[in-house]
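FYI, side chains are in, hydrogens and waters are out, and symmetry mates aren't considered; it's all heavy atoms of this structure. Please read these numbers as outputs of a predicted model, since none were measured by experiment.
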Amino acid sequence: MMSLLGRPDVDAGEVFVNFNQNITSLAVATSGGYSLYSLGSVDSTLDKIYHTKSDELFLIERLFESSLVAIVSQRAPRKLKVCHFKKQSEICNYSYANTILAVKLNRERLIVCLEESLYIHNIQDMKVVHTIRDTPCNPLGLCALSSSSEHCYLAYPGSVTSGEVQIFDAINLHAKTMIPAHDTPLAAIAFSPSGTEIATASERGTVIRVFSSQDGSRLFELRRGLKRCVSIVSLSFSNCSEYLVSSSNTETVHIFRLDRSAAETADHGKQSTDDWMGYSFFRFLSKTVTSYLPTQVTDVFSQGRAFASVSLPEAGVRRMCAIATIQKQLRLLIASQDGYLYVYSIPSIEGAECQLIKRHDLRLEDHYAMDIKVDSPQTLGLNSGVSIGGAAGVPPSVAGAGAGASGSADGKSTATDKPGGSSSSTSGGGGGGASGSGSAGASYASAVKGDEPVAGGPSTT
């Protein structure tokens, strides 16, 4: 099989795993279908919310605890389907000119990332409200969308030669700021839950940085390692933004503690109250020897070290990580694409290893899943076949209203100036050639707003 967008995990038949925005559920897609799990009692059991047979998927995103899921299949990698899984119905589908590389959701926006463009949909009616065109080549679909509605920011690479991050205001539809985060190209980016901070890692993988997404100022610099360069796969903040977890192509997962009180104290020249052998030791040493050592060496001493770590059985496995509070206990969750979900406790002492509590076999869980038979798909009021960017779909002559983009509006193309001097072609309104028909229905609105919360869902930290 031809490699799909540099995704050897898909070609190898491994599972696709993904946490929702507030780490209350896990989506798992295999060759036989997809399942959604509640994480409320993950210390002991993995509670299945939903399972169905479907085409083999390589992207699935659930909107918080709602019934809305966005999926992309290997059979039709240019088509996005938005479904109401509790009603077992397809709400709408959109086709794009090129393969969909990533889909991101929050309660205001749905983002579709192609290799050289980004489409911003209003999630309430799926209308394309803005298109960012001619972005730097992004073959892995690297992008991030804040889960916050108040600071609804979109981040994506601004360069193919350096680690430049472009921050775009997805509500007001204008460039927010540009952050020169790294010297080498980006490998991973993630927003804090509030959307006010963004974590970045480059292809070199030795240093992780945290910036303000509002003014681009650097807040933290964290060193993952000294000995070797790695490929960072996953970055994730805890919901309280006190911790940041990273995974890579190595067997080690690192947890960093973002000690804002200590950082503020250092900024004001006061003595930190941290444990002497903790971060304060490195700050003290950095200040003492700054005038005697080269800048590169001084930077190493000033960088934060991992608060805790986990050593997994083998390297080379793609893993998604998250931190949540499960039944009032802080937990590290590691979902791997070889089909396992690991649950670890997080120690209270810096430098200690996390302890394994439970390992769930996701393939086994799916093997014994109760299949839900779906009759012919129903649409729920939105247009069910929209073509974007010239892909095959609803003919342009079809009049549209409410769904997708209305009529056959091409959207006037403009040039949006980005901070830092770079620019990309953007279009608003019709989304650049989208057409369709239909209007938003009550069922779709209820799916976006979310049904009743999943019983026993975890609290978040």
Engineer: I need the S238 OG to L332 CG distance, nearest 0.5 Å.
Structural biologist: 11.0 Å

Engineer: If every non-hydrogen atom of Q214 is compared with every non-hydrogen atom of K176, which pair is closest and at what distance?
Structural biologist: O-CE, 3.8 Å

Engineer: Return the SG to CD1 distance between C321 and I255, rounded to the nearest 0.5 Å.
Structural biologist: 8.5 Å

Engineer: I want to check something: taking the side chain as every heavy atom from C-beta on, are L101 and N138 in contact at a cut-off of under 4.5 Å?
Structural biologist: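 A side-chain contact is absent here, since even the closest heavy-atom pair is not under 4.5 Å.
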
Engineer: Restricting to non-hydrogen atoms, name the atom on S246 and the atom on L235 that form the minimum distance, rounded to 0.1 Å.
Structural biologist: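 What the structure gives for the nearest pair is CB-CD2, 3.5 Å.
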
Engineer: Under the side chain to side chain contact (heavy atoms under 4.5 Å, CB included) criterion, do R223 and T206 qualify, and how do the steps go?
Structural biologist: CA-CA 6 Å; R223 179 159 287 275; T206 54; 3.8 Å; yes

Engineer: Counting C-beta onward and ignoring hydrogens, is there a side-chain heavy-atom pair between L114 and I100 closer than 4.5 Å?
Structural biologist: yes

Engineer: Examine distances only and state if a side-chain atom of S192 and a backbone atom of E197 form a donor-acceptor pair shorter than 3.5 Å.
Structural biologist: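 Yes, the answer is positive, given that a donor and an acceptor are paired below the 3.5 Å cut-off.
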
Engineer: Would you check if the side chain of N122 reaches a backbone N or O of Q124 as a donor-acceptor pair within less than 3.5 Å?
Structural biologist: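 Yes, the answer is positive, given that a donor and an acceptor are paired below the 3.5 Å cut-off.
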
Engineer: Where do P77 and V72 come nearest, in terms of heavy atoms and distance?
Structural biologist: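 Heavy atoms only, the tightest pair is O-CG1, 3.7 Å.
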
Engineer: Indicate yes or no: at least one non-hydrogen side-chain atom of I326 is less than 4.5 angstrom from one of V343.
Structural biologist: no

Engineer: With distance as the sole test, does N20 use its side chain to make a donor-acceptor pair with the main-chain N or O of S25 at under 3.5 Å?
Structural biologist: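 Between the backbone of S25 and the side chain of N20 there is a qualifying donor-acceptor contact (under 3.5 Å).
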
Engineer: For A29, is there any backbone N or O sitting under 3.5 Å from a side-chain donor or acceptor partner on E56?
Structural biologist: no

Engineer: Using the test salt bridge (charged side-chain N to carboxylate O under 4.0 Å, His left out), find all partners of E108 that sit at least two apart in sequence or belong to another chain.
Structural biologist: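 So E108 forms no salt bridge (charged side-chain N to carboxylate O under 4.0 Å, His left out) with any residue.
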
Engineer: Tell me, do Y243 and L258 make a side-chain contact under 4.5 Å, heavy atoms counted?
Structural biologist: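 No, side chains not in contact.
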
Engineer: Test: salt bridge (charged side-chain N to carboxylate O under 4.0 Å, His left out). Region: residues 135-161. Which pairs qualify, not counting sequence neighbours?
Structural biologist: none

Engineer: Taking side chain as C-beta onward, heavy atoms only, is L341 less than 4.5 Å from Y37?
Structural biologist: no

Engineer: Please report the shortest heavy-atom distance between Y153 and D169, naming the atom on each side.
Structural biologist: CD2-CA, 4.0 Å

Engineer: List the atom of A335, the atom of L26, and the distance in Å for their closest heavy-atom pair.
Structural biologist: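 So the minimum-distance heavy-atom pair works out to CB-CD1, 4.1 Å.
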
Engineer: Nearest 0.5 Å, what's the CG-CD distance between L312 and E251?
Structural biologist: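 Going from the CG atom of L312 to the CD atom of E251 covers 8.0 Å.
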
Engineer: Could you measure the distance from the CZ atom of F19 to the CG atom of L333? Nearest 0.5 Å is fine.
Structural biologist: 5.0 Å

Engineer: Report yes or no: does E203 contribute a side-chain atom to a donor-acceptor pair with the main-chain N or O of P185 at less than 3.5 Å?
Structural biologist: no

Engineer: Under the side chain to side chain contact (heavy atoms under 4.5 Å, CB included) rule, collect the residues that match up with A27, sequence neighbours excluded.
Structural biologist: L36, I60

Engineer: Can you find a side-chain donor-acceptor pair between S54 and T52 that sits under 3.5 Å?
Structural biologist: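 Result is no, nothing qualifies.
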
Engineer: Using the test salt bridge (charged side-chain N to carboxylate O under 4.0 Å, His left out), find all partners of D43 that sit at least two apart in sequence or belong to another chain.
Structural biologist: R331

Engineer: Just by distance, do the side chain of S146 and the backbone of F191 share a donor-acceptor pair under 3.5 Å?
Structural biologist: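 Not a single qualifying donor-acceptor pair exists.
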
Engineer: Centroid-to-centroid, F168 to H130, below 6.0 Å?
Structural biologist: yes

Engineer: Any side-chain heavy atom of E61 sitting closer than 4.5 Å to one from L105?
Structural biologist: yes

Engineer: Take V69 and Y34 through the test side chain to side chain contact (heavy atoms under 4.5 Å, CB included) and record every step on the way to the result.
Structural biologist: CA-CA 11 Å; V69 292; Y34 74 89; 3.7 Å; yes

Engineer: Can you tell me how far CD1 of I323 sits from OG of S241, rounded to the nearest 0.5 angstrom?
Structural biologist: 10.5 Å

Engineer: For atom CG of D183, is the number of surrounding heavy atoms from other residues, nucleotides or ligands below 6.0 Å larger than 12?
Structural biologist: no

Engineer: Are any of the side-chain heavy atoms of F237 and V210 separated by less than 4.5 Å?
Structural biologist: yes

Engineer: Is there a side chain to side chain contact (heavy atoms under 4.5 Å, CB included) between L46 and L362 once you walk through the steps?
Structural biologist: CA-CA 9 Å; L46 196 57; L362 301 175; 3.5 Å; yes

Engineer: R218: what forms a salt bridge (charged side-chain N to carboxylate O under 4.0 Å, His left out) with it, not counting sequence neighbours?
Structural biologist: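 Counting only residues at least two positions away or on another chain, R218 forms a salt bridge (charged side-chain N to carboxylate O under 4.0 Å, His left out) with E221.
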
Engineer: List the steps and the verdict of side chain to side chain contact (heavy atoms under 4.5 Å, CB included) for I171 and R109.
Structural biologist: CA-CA 8 Å; I171 295 296; R109 296 291 187 248; 4.0 Å; yes

Engineer: Could you check whether the rings of H121 and Y96 sit parallel, tilted or perpendicular, using 30° and 60° as the cut-offs?
Structural biologist: perpendicular

Engineer: So, the side chain of S247 versus the backbone of R319: is there a donor-acceptor pair under 3.5 Å, distance only?
Structural biologist: yes

Engineer: Looking only at side-chain N and O atoms, does E65 offer a donor or acceptor that is under 3.5 Å from a partner on N22?
Structural biologist: yes

Engineer: With a 4.5 Å limit on heavy-atom distance, are the side chains of F64 and T24 in contact?
Structural biologist: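 Side chain of F64 against side chain of T24, heavy atoms only: no contact under 4.5 Å found.
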
Engineer: To the nearest 0.5 Å, what is the distance between CD1 (I179) and OG (S213)?
Structural biologist: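 Rounded to the nearest 0.5 Å, the CD1-OG separation comes out at 7.0 Å.
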
Engineer: Tell me, please, which residues at least two apart from S73 pass side chain to side chain contact (heavy atoms under 4.5 Å, CB included).
Structural biologist: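 So S73 forms a side chain to side chain contact (heavy atoms under 4.5 Å, CB included) with D55, L57, R75, A76.
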
Engineer: Distance-only, no hydrogens or angles: does the T196 side chain make a donor-acceptor pair with backbone N or O of S194 under 3.5 Å?
Structural biologist: no

Engineer: Quick one: does R78's side chain have a donor or acceptor within less than 3.5 Å of a partner on A97's backbone?
Structural biologist: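 Yes.
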
Engineer: Angle class for the F256/H254 ring planes (parallel below 30°, perpendicular above 60°, tilted otherwise)?
Structural biologist: parallel

Engineer: Using atom types as modelled and distance alone, determine if a side-chain donor or acceptor of T250 lies under 3.5 Å from a backbone N or O of T252.
Structural biologist: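 Yes.
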
Engineer: Where is the tightest heavy-atom contact between S234 and M320, given as atom of each residue plus distance?
Structural biologist: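 In this case the closest contact between S234 and M320 is OG-CA, 4.0 Å.
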
